[in-house]
Every structure is written in structure tokens, then in C-alpha cells.
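Just so it is clear, the structure is predicted and the values come from calculations on it, not from any experiment. Chain letters run A, B, ... following the sequence lines, proteins first, then strands; residues in each count from 1.
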Protein chains: 2
Amino acid sequence: MTAGTPFELPAKCDTCVVRHKSICAVLSEDELKDFNRIARHRRVPTGQVIAADSEIVFANILDGVVKLTKTLADGRQQIVGLQFPPDFLGRIYAKESPYFAEAATDVELCAFPKDGFEGMLRRYPGLEHRLFENTLDELDSAREWMLLLGRKTARERVASLLMMIARRAPNVGCSHTPDNNFAKFTLPLTRADLADYLGLTLETVSRQITNLKKADIIELIDNREIIVPNLDALEDVAGN
Amino acid sequence: MTAGTPFELPAKCDTCVVRHKSICAVLSEDELKDFNRIARHRRVPTGQVIAADSEIVFANILDGVVKLTKTLADGRQQIVGLQFPPDFLGRIYAKESPYFAEAATDVELCAFPKDGFEGMLRRYPGLEHRLFENTLDELDSAREWMLLLGRKTARERVASLLMMIARRAPNVGCSHTPDNNFAKFTLPLTRADLADYLGLTLETVSRQITNLKKADIIELIDNREIIVPNLDALEDVAGN
DNA sequence: CGACACTTTGACTGTAGTCAATGTAAGTGG
DNA sequence: CCACTTACATTGACTACAGTCAAAGTGTCG
């Protein structure tokens, strides 16, 4: 749980898996060289902190899933964002990050030092525009989730989350491709994490997963591996 | 409830109340003239729709409070954002707005036609930067609210909302100034709206307000007019 | 005055939380 | 190889907080 000293490697942009999907997509080859000079790869094992409260880390996610959390004084916790590759990580234009970033699975990052990155931001306006678009999308997602947290039942919440993961998980290594109406994927989160994302307890999440299984909406290979034979049926349960 | 045909007046930037607080603060006098040419004032009475689903309206809020809502198929509703003067309204870079904007009180807007505004955005990069900072702040607020919706009790939620309004309401005409530890303000929302913002029912909101009154945390002059004799005490109830 | 919109209060219910026990699988060491 | 630990998940019994349904209260306006 405590921050270790993850090893770092120089970035190799020419073979990068997210070269054309991450924020780097807006950079020319020349600009990318500039970027390449300051970028460092970094591995963060499951459960480790990427950026503690206040500290700010800028990075592209190459692999794995990152959770952003907020916590009340008495320990009640809420996940306020889940990030998958090729998402960008880090609260720019702030002295302190208003939340906590933690590796939900083993994570591979391409990290940028704060100063260097902010210099880039000034030099390449296309980059800022791209980050702006990202932020607008994140805001839309956050508000979508507010509807879930404020108004959906436990059953609807769990179904909604499975839908969301079925949609995004293809970008995470080990999972299968969802085609039209079938999906198979590995949950990147424990039951406790699911609960923290859904505003429920882990027992309630477990019960709802059992219910969806009994209703033949999903099948479980093991606790983490899930098959959705009919995404439309799951979508129906999710509400909206 | 249905969209009327609100009257429109040309904007007068030189006497504008939000000239130096809204996004216009980043514009030079010359740039402002350009802006002035396309801006139109618009009044929207309580309860009227400003922008229905999909439609996009760009505007500065001059007076009043705007609620952004999302609704499930069966009618369950959630307010996903509250906007006060001098906030900017409108989802830029999208074909459709993912939510619904409605006047919570009588509202005065300074509105910009979509095309004209997007032209400005291209011509004056400072403007885009300013909107980006706004959006980052909105994202932080949305995530703050996710914590409230996911993890706080009814009592904590109501107290948190009162704190938020005590902080922001000074910008809304009729309310009093909060000094160090005392605040007096007019709630810009009905109990039903409070409930929709807090993910509760209006009955629960009403009961919690009664409880806070009985606990001497707040005083009610009438249903809408509230005095907080000790903001620290309210803050304590709000959790965090 | 009556109509209407909004709010409060009460009695009862139901969903999700709490507390506790049990189950399952992977990994460790004797 | 098997007992033991550890981490995670499921299940059950009970509780409590907020929701639901219904009635009454308050204030404003025509």
C-alpha cells in the first residue's frame, strides 16, 4: 500500500502502444522527440499509490487500470474516476491534486516531470486543446456517474458498471473483444473496489452479482472473469 | 416548463456586472468589442428550459441560478451541476449537450450564438485556456459531489449543500454576505430541487432541515431564507 | 375566499448496511 | 504433501436509514 521506488526506463515512442491514441497523437514526429527526452516509463504494482494527496504526477497510462479516490475523515471512500489506457493522468494547472491516484491492477505508465510537461504545454497549444477535450469527456463521465450514485438501485449500478467495463476493458491487456452483443472480460477491480466506485458495500455488490448470475444476465468463470452473453439484456438492467 | 421566447437585448459590456469575473476577464477591450457584437442578453423565468437535451447554448450567467440535470427513462432525476454568476454555460466541442439546462430561479444570461462563439474561441487562445480552467474546476466539483452522493448520510448531504450555497450565494443578488463565521442567504432551490441535487427525496430533505433547525445549527426565517450562526458548526455536520 | 404550489409531518415499508460466519483459492513452510 | 495463513468472496440474520404513501399545514395570488 505504501509508495515504493518503482524502476524507471526511458520511453521509446517509436514502438509505443499508445502513440496514436494518447495525447501524443497530436504531436508531430519532431515534437515527439522533445517529449521523448523527458518521458520515463514506470511500473506500479497493484495497490500502490501513484500520487498521494497533493502530489501531482503526469503520465500516460500504457497498461493497467488506475483508480482516483476521495476519502472522508472517518475512512469512507469513494472512487471518483477509473482510468484505462490510453488515458492521461494528472491534474494540470493545480498546485495540489484534489484526489488520490492508486494502481487498481499492475500499471505501466509513461511519466513526465511536472516542469518539463508544463513547458511542453506552453510550447504546443495543440496539446492543451487535446487535454481540454479529455477533460470535457471526463466531466461528462463524472456527471453520468452522479446520476448513477444519486438515483440508481444497487442492481442497476452493478449492471451499469459491467457495461462500462465491457466497453472500455478491450484496452486492457488480458481481456477479450466484445463484438456486437457478446462480451468476455476480466474485472480489473476487487469487490471492495467495485463497491467504492458504486457507492455500495462489498456485500451488496457480491449479492447483486449473484443475482445477475442467477438471472442468466452474466456468467462467471471465476470471481474476476465474466461473460455477458447478451449485452442488450445487461443494458436493460442498467436502467438509463 | 416549456421553452418560451425570451426577449433579447444587445449586450453592454462596458457596464457589465461580470466583465472582470466571467470568461470575458481574459479579453482586451478590443477583443471585447468583437464579443459585444454577437452577444445578446436574455431573461429566462424560473423553471423554464434554457437548453433542452441535445441543443447547445453558450452564455455567461449574469444573475440567477441554473441547474444542469440528467434523467432516467422512468423519470428519476439528478441535478449534476449548479451554476451561479459569473459561470459560463454550455458544452463546447460537442454536437449535443449530454444534459439539460433549466432556470432554477429567474435567470439573466448573456448569450452567444454557437458559430460566432466558436470563431472567437479559435481567434483568442486565451479564451480557450480560461474555459479549460473552468472545466477543470467543474470536474473537481463534480468529483466532490460524487463523494457526497456515494458516501454521505442525508444529514451530511444537506449540511454540505448549505455550506456550498453559503460559499457561492454571495454572487446571487438578494443574498447577504457571509463573514468569518456567520451567513445569511436565500436558498435558490425548492425542496424538490435540493433533493434532486442531493440524491434524496424531498421529504428526507425537509426532515433533515428540520433536524438542523432543532439542533440550532441553522435558523429559518422562511422556507427559503436561512441563517447560519456558526459556519464551523455546520461544516462539522457536513463531514469531510 | 378558494385554488395552487410548496413544505412539513406521520406511519409504515423496503433496500441496502452491518455484523458475523463460512467458503474458496493461492501461497508458505514444516 | 498437507496443515496453515492470507486475501478475497459469498451467504445469512438482523437492523436502520431513507423511501413511499398519505394527510395536513403554510403562504401567495387572483
task: Give a yes or no answer on whether the side chain of R191(A) reaches the backbone of N223(A) with a donor-acceptor pair at less than 3.5 Å.
output: yes

Ignoring the backbone of [X], work out which of [options] is nearest its side chain.
| X | options | result |
| --- | --- | --- |
| T190(B) | dG12(D), dC6(C), dA18(D) | dC6(C) |
| S206(A) | dA16(C), dA9(D), dT8(C) | dA9(D) |
| R207(B) | dT8(C), dG19(D), dA9(D) | dG19(D) |

Under 4.0 Å between a side-chain N/O of [X] and OP1 or OP2 of [N], yes or no?
| X | N | result |
| --- | --- | --- |
| R191(A) | dT10(D) | yes |
| T210(B) | dT9(C) | yes |
| T201(A) | dA16(C) | no |
| T204(A) | dA16(C) | no |

Give the rounded distance in Å between these two atoms: [atom1] of [X] and [atom2] of [N].
| X | N | atom1 | atom2 | result |
| --- | --- | --- | --- | --- |
| D193(B) | dT7(C) | CG | C1' | 14 Å |
| E203(A) | dT15(D) | CD | P | 17 Å |
| L220(B) | dT8(C) | CG | C1' | 11 Å |
| L148(B) | dA18(D) | CG | P | 12 Å |
| L198(B) | dC17(D) | CG | C1' | 16 Å |
| L194(B) | dG19(D) | CG | P | 14 Å |
| I226(B) | dT7(C) | CD1 | C1' | 13 Å |
| R157(A) | dA16(C) | CZ | C1' | 9 Å |

- request: Please say whether more than 12 non-hydrogen atoms of neighbouring residues, nucleotides or ligands are located less than 6.0 Å from NZ in K114(B).
  value: yes

field: Check: R224(B) side chain, dG27(D) base, donor-acceptor under 3.5 Å
entry: no

task: In sequence, state the C-alpha distance, the side-chain angles, and the governing distance for D196(B) and K67(B), and then conclude on salt bridge (charged side-chain N to carboxylate O under 4.0 Å, His left out).
output: CA-CA 10 Å; D196(B) 280 350; K67(B) 52 182 182 172; 5.7 Å; no

query: Nearest nucleotide by nearest heavy atom, which residue falls closer to the 5' end of DNA chain D, V205(A) or N223(B)?
result: V205(A)

query: Want to settle it: does I209(A) or R151(A) sit nearer the 5' end of DNA chain D, counting the closest nucleotide to each?
result: I209(A)

query: Which atom pair, heavy atoms only, marks the closest approach of S97(A) to I56(A)?
result: N-CG1, 3.7 Å

Residue pair K152(A) / R76(B): nearest heavy atoms and the distance that separates them: CA-NH1, 3.9 Å

task: Would you mind classifying the nucleic acid contact of L200(B) as base, sugar-phosphate or nothing, using non-hydrogen atoms under 4.0 angstrom?
output: sugar-phosphate

query: Taking for each residue the nucleotide of DNA chain C with the nearest heavy atom, is it K213(B) or K152(A) whose nucleotide lies nearer the 5' end?
result: K213(B)

